[in-house]
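Structure record follows, encoded as structure tokens.
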Amino acid sequence: MNDLILHGMIDAHVHLREPGATQKEDVLSGTQAALAGGVVGVLDMPNNTPPITRTERFAAKQALFATKAVADYGLFAGSDGSHLDQVVAMAPQAVGLKLYLDETFGDLRNREPRSLAETFEAWPGPGPIAVHAESESIRVSLDLARRYRQHLHICHVPHPDELLAIDAARQQGVTVTCEVTPHHLFLSDEAVGRLGSLAQMKPPLVSPADRDLFWDRLPLVDLIATDHAPHTREEKAAADPPPGVPGLETTLPLLLAAVDEGRLTPERMLELVYTRPLEVYGLAAPESKVVLDLSQGRYQLPMDGYHTRCGWSPFGGQWALGRVVSVTLRGRVVWQGGELLASPGSGRRLERAVSRDLP
Ligand code: NCD
Ligand code: ZN
């Protein structure tokens with residue numbers, strides 16, 4: 001017996017593709033992939049088809065999750081800059097507002113300076129404004145957060161130097177938090193040669209030297225989120241492949257191997273994947289327990305055979321540690337021995353913590 005017992009991961013950045021693209025993933029397959037990876041809660045992004053920029057779309061998506069999710073969840077509101085009254089109306093139910101300042105998958109964009117400023121001004125919280133922002137857009141969003149006194153969360157920081165810019169803004173009093181993805185920590189742009197479009201995502205992978213700098217500067221990072229962005233193999237093999245890679249089932253085992261190698265402490269790992277995601281989004285911890293079996297030691301991740309509907313992983317061949325044996329949510333075993341024991345709809349909306357102060 002060499003079992004590790006954790007509360008599991010709270011993944012603050014996933015794309016479960018429902019509604020709109022259920023050939024890639026849906027709420028049930030995505031939350032099942034979450035449990036398979038020891039992820040007990042997911043925060044789902046609004047770049048669906050249609051995008052979640054209206055109250056009735058938000059309500060419909062909430063109803064979908066309420067009937068289909070097997071892990072706990074929170075949903076982001078989105079905005080295309082119009083109908084700000086609707087964006088404001090979604091705020092009490094949403095974990096945060098997601099804005100897209102740069103090019104990526106889907107049609108949602110927030111590039112027009114005036115409406116972007118109006119959106120920053122209008123957002124009432126309590127969740128943060130999370131942004132897809134690369135290089136210059138990071139500066140733009142930091143300025144807006146300063147001007148409108150908003151809590152800004154920078155998603156998937158594109159380059160380790162941006163961690164220094166974010167930290168400098170934080171030192172100057174801007175309320176800013178940030179996340180790094182497992183692919184920016186465990187893959188480099190060398191993977192693109194090996195995997196082609198399967199290693200393409202936004203923001204793109206960095207050089208091996210910059211990847212190492214992400215590790216050196218990990219103390220400046222609030223949380224690790226997967227940016228689980230499944231696309232089918234066929235879509236990835238097409239002429240103009242969509243950016244994005246899955247990550248729900250591989251992140252904890254990759255991080256546990258890194259802990260085993262002494263690259264971070266177990267305490268810091270738990271902060272990055274569990275405590276801090278809850279704090280950043282002001283959420284209460286669900287009652288959860290994840291048991292991982294470490295007895296087989298290190299192993300290499302497979303290329304396929306995953307529960308995510310897309311079925312593949314860009315991390316095939318990477319060293320990992322720990323296999324999820326069981327997941328318990330609110331006292332009920334929902335996942336055991338690779339099998340789902342929960343019924344669709346047993347996942348709950350993550351509740352707000354009593355205190356909203358960002359420590
Ligand atoms: C994401 C997707 O496919 O929805 N793709 C990606 O490359 N990360 C969108 C996003 O988070 O940028
Ligand atoms: Zn994303």
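For ligands, and for the atoms within them, numbers begin at 1 and follow the listed sequence.
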Please check if any side-chain donor atom of E234 sits under 3.5 Å from a side-chain acceptor atom of Q23, or the reverse. no
Distance-only N or O hit between ligand 1 and A229, under 3.5 Å: no
Measuring from Y281:OH to T177:OG1, what's the distance to the nearest 0.5 Å? 6.5 Å
Below 3.5 Å, N or O to N or O, backbone or side chain included: is there any such pair between H132 and ligand 1? yes
The Zn ion (ligand 2) to nearest N/O/S of H132 below 2.8 Å: no
Measuring centre to centre across the rings, with the benzene-like ring taken for any Trp, is F105 within less than 6.0 Å of H231? yes
Tell me which part of Q200 gets within contact of ligand 1: side chain, backbone, both or neither, using heavy atoms under 4.0 Å. neither
Heavy-atom closest contact (V221 atom, L272 atom, distance): O-CD2, 3.7 Å
Please evaluate residues E103 and R111 with respect to the criterion salt bridge (charged side-chain N to carboxylate O under 4.0 Å, His left out), reporting the C-alpha separation (whole Å), side-chain torsions for both, the decisive distance (0.1 Å), and the verdict. CA-CA 9 Å; E103 206 54 45; R111 269 198 292 241; 3.0 Å; yes
Taking only heavy atoms of F105, which atoms of ligand 1 are found under 4.0 Å from at least one of them? 2 (C), 3 (O), 4 (O)
Who gets closest to atom 11 (O) of ligand 1 by heavy atom: H15, M45, K98, E134? H15
The N/O/S atom of D227 lying closest to the Zn ion (ligand 2) is OD1
Quick one: do the T308 and E25 side chains pair a donor with an acceptor below 3.5 Å? yes
The protein heavy atom nearest to atom 7 (O) of ligand 1 is K202 N, 2.8 Å
What protein heavy atom sits nearest atom 9 (C) of ligand 1, and how far off is it? T104 OG1, 3.3 Å
Note the single closest protein heavy atom to atom 8 (N) of ligand 1, along with its residue, its atom name and the distance in Å. D227 OD2, 2.8 Å
H15 and D227 side chains, donor-acceptor separation under 3.5 Å: yes
Roughly how far, to the nearest 0.5 Å, is CD1 of I224 from CD of E271? 11.0 Å
Proximal ligand 1 atoms for P243, defined as those under 4.0 Å from one of its heavy atoms: 3 (O), 5 (N), 6 (C), 7 (O)
Proximity to ligand 1 by part of V245, non-hydrogen separation under 4.0 Å: neither
Can you confirm whether the side chains of E18 and T22 place a donor and an acceptor under 3.5 Å from each other? no
Per-atom contacts, ligand 1 versus G244 - under 4.0 Å to a heavy atom: 5 (N), 6 (C), 7 (O)
Contact flag C155/the Zn ion (ligand 2), N/O/S atoms, threshold under 2.8 Å: no
Residue portion contacting ligand 1 (non-hydrogen atoms closer than 4.0 Å) for M201: both
May I ask whether H156 places a heavy atom under 4.0 Å from ligand 1? yes
What's the spacing between T119 OG1 and I129 CD1 if we round to 0.5 Å? 8.0 Å
If you compare all heavy atoms of W335 against all heavy atoms of A36, which two are closest, and at what distance to 0.1 Å? CZ2-CB, 3.5 Å
Is R17 close enough to touch ligand 1? Criterion: a residue heavy atom under 4.0 Å from a ligand atom. yes
Among the heavy atoms of H231, does any lie under 4.0 Å from an atom of ligand 1? yes
